[in-house]
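Atoms considered below: every heavy atom in the structure, side chains included; atoms not considered: hydrogens, waters and symmetry mates.
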Amino acid sequence: MKRIIAPVKNVAALGGAYNALAERDLGVPGIGLVHGFTGAGKSTAVTLLINRNNGVFVRASAVWTPNTMLAALVHELGGQPGGNNARMLGYIVEQLAREARPIFVDEADYLLSNIKMLETLRDIHDTTQVPLVIIGMDGIQRRITTRPQFSRRITQWVEFKPLDLADTRTLIDSVCEVTITDDLAGKLHHAAGGSIGLMTVGLARIEAVAKGQGWDKVDAKAWGNKQFFLSRAPKS
């Protein structure tokens, strides 16, 4: 399979939202929220944005505190973590003043366990005005509204939805090195429940079988009852 990111609707929506953050008018907040179910392709699509825009990327965890969050940002900006929070915050602001790099925080659900982490990110955003994109699971968009000081600054909300059949065709045509017919594409889409993660696993399986059999083209009849993957599709 080709190692590229297919231009499905979710990817296009994310790109448009980021452009709106980067090109916003003076005084308009620049925080974006990306959310969706596991396997929706959020992290892969965000990686494309990070690479294109020299973004600063950190991944939150269950053990994060304001101190460890600041240390992670300092490290990604090329500094030496350590000292008190004020010193590290000052370093981050200073570096972003020199080079206005966007910040991306994955697994942002963990931020809601400590309001000081959200307030610190808000301080960084308000001071530097760089775009800030947080990425979380489905449901974070409801939970974060309980933090109005932060949520009112979110001006771009992108939900990663299950792929439709047109997106499935786009994905197949973008990444597959064998021809997969529409009937098999529909069967895979149904089995995966629109999850791009599961579909990618299924496509890799189809391609491996096809190459092993010497097939250039695979349809539903040739595939038969073979499994696409072991995982279950996400519940809608």
Side-chain angles (χ1 to χ4, degrees), residues 3-5 7 10-36 41-61 63-112 114-136 140-141 144 147 149-158 160:
R3 296 177 63 85
I4 61 175
I5 297 177
N10 288 333
V11 172
L14 178 60
Y18 177 78
N19 289 340
L21 293 176
E23 300 167 8
R24 70 192 190 278
D25 292 334
L26 184 66
V28 176
I31 300 179
L33 172 65
V34 181
H35 62 96
K42 302 182 297 296
S43 295
T44 300
V46 167
T47 298
L48 179 65
L49 274 185
I50 295 167
N51 292 337
R52 284 180 174 176
N53 297 282
N54 192 26
V56 179
F57 174 76
V58 292
R59 179 179 284 108
S61 74
V63 298
W64 253 24
T65 64
N67 183 268
T68 52
M69 181 184 74
L70 288 168
L73 288 168
V74 168
H75 175 76
E76 290 302 314
L77 285 165
Q80 183 65 42
N84 60 39
N85 289 354
R87 188 200 72 81
M88 290 193 288
L89 179 60
Y91 177 86
I92 293 166
V93 170
E94 179 183 351
Q95 293 303 307
L96 294 177
R98 293 178 179 176
E99 186 178 7
R101 299 170 61 189
I103 297 173
F104 296 83
V105 184
D106 201 0
E107 302 291 348
D109 304 77
Y110 290 118
L111 300 175
L112 299 179
N114 188 330
I115 191 172
K116 288 187 178 180
M117 288 195 287
L118 282 178
E119 290 178 342
T120 301
L121 281 176
R122 176 172 61 84
D123 286 341
I124 293 171
H125 168 265
D126 289 354
T127 303
T128 66
Q129 290 297 297
V130 299
L132 168 63
V133 179
I134 65 173
I135 306 100
I140 190 175
Q141 73 278 15
I144 206 165
R147 309 297 190 188
Q149 284 290 91
F150 188 90
S151 62
R152 70 179 181 84
R153 288 169 168 78
I154 300 175
T155 55
Q156 296 294 322
W157 305 67
V158 182
F160 267 54

Query - Test side chain to side chain contact (heavy atoms under 4.5 Å, CB included) applied to Phe160 and His35, step by step - result: CA-CA 6 Å; Phe160 267 54; His35 62 96; over 6 Å; no
Query raised in the report: Does some side-chain heavy atom of Leu96 sit less than 4.5 Å from a side-chain heavy atom of Arg101?
Result: yes
**Report entry** Validation row: Leu111, Met69 side chains within 4.5 angstrom (heavy atoms)
**Finding:** yes
Query raised in the report: Counting only N and O atoms by type, is there a donor-acceptor contact under 3.5 Å from the side chain of Arg59 to the main-chain atoms of Glu107?
Result: no
Requested in this report: Ignoring hydrogens and angles, tell me if any N or O in the side chain of Arg24 forms a donor-acceptor pair with the backbone of Val28 under 3.5 Å.
Outcome: yes
Query - Under 3.5 Å: donor-acceptor pair, side chain of Asn84, backbone of Ala86 - result: yes
Report summary line: Minimal heavy-atom distance between Tyr18 and Pro102, with the atoms involved, is OH-CG, 3.3 Å
Requested in this report: For the residue pair Thr47 and Asn51, establish whether any side-chain heavy-atom pair is separated by less than 4.5 Å.
Outcome: yes
Query raised in the report: Would Asn67 and Met88 count as a side chain to side chain contact (heavy atoms under 4.5 Å, CB included) if you check the C-alpha gap in whole Å, the side-chain angles of each, and the deciding distance to 0.1 Å?
Result: CA-CA 9 Å; Asn67 183 268; Met88 290 193 288; 3.4 Å; yes
Report summary line: To the nearest 0.5 Å, atom NE2 of His125 lies from atom OG1 of Thr120 at 14.5 Å
**Report entry** Any side-chain heavy-atom pair of Arg122 and Gln149 under 4.5 Å
**Finding:** yes
Report task. Pick out which of Val133, Leu132, Ile134 makes a side chain to side chain contact (heavy atoms under 4.5 Å, CB included) with Ile103. Result -> Leu132
Report task. Hey, could you give me the CG/OG distance between Asp106 and Ser61, rounded to the nearest 0.5 Å? Result -> 11.5 Å
Report summary line: Tightest non-hydrogen contact, residues His75 and Pro81, listed as CB-CG, 4.0 Å
Query - Chi angles and distances behind the side chain to side chain contact (heavy atoms under 4.5 Å, CB included) call for Tyr110, Trp64 - result: CA-CA 8 Å; Tyr110 290 118; Trp64 253 24; 5.6 Å; no
**Report entry** Over all atoms of both residues, closest heavy-atom pair of Thr68 and Val63
**Finding:** OG1-O, 4.1 Å
Query raised in the report: Of the non-hydrogen atoms in Val46 and Ile135, which two are nearest, and what is the gap between them?
Result: CG2-CG1, 3.8 Å
**Report entry** Sidechain-backbone polar pair: Arg153 side chain, Phe150 backbone, donor-acceptor under 3.5 Å
**Finding:** no
Report summary line: So CD of Gln95 and CG of Leu73: to nearest 0.5 Å the spacing works out to 12.0 Å
**Report entry** Residue pair Ile140, Leu112: steps toward the side chain to side chain contact (heavy atoms under 4.5 Å, CB included) verdict
**Finding:** CA-CA 9 Å; Ile140 190 175; Leu112 299 179; 4.0 Å; yes
Query raised in the report: Would you say Val34 and Leu14 make side-chain contact, with heavy atoms under 4.5 Å?
Result: yes
Query raised in the report: Any side-chain heavy atom of Phe104 within less than 4.5 Å of one from Leu49?
Result: yes
Query - Taking every non-hydrogen atom, the tightest pair across Thr155 and Gly30 - result: OG1-CA, 4.4 Å
Query raised in the report: Which atom names give the shortest non-hydrogen contact between Gln141 and Ile144, and what distance separates them?
Result: O-CG2, 3.8 Å
Report task. Please determine, by modelled atom types, if Asn114 and Thr65 share a side-chain donor-acceptor pair under 3.5 angstrom. Result -> no
Query raised in the report: Rounded to the nearest 0.5 Å, how far apart are CG of Leu70 and CE of Met117?
Result: 10.5 Å
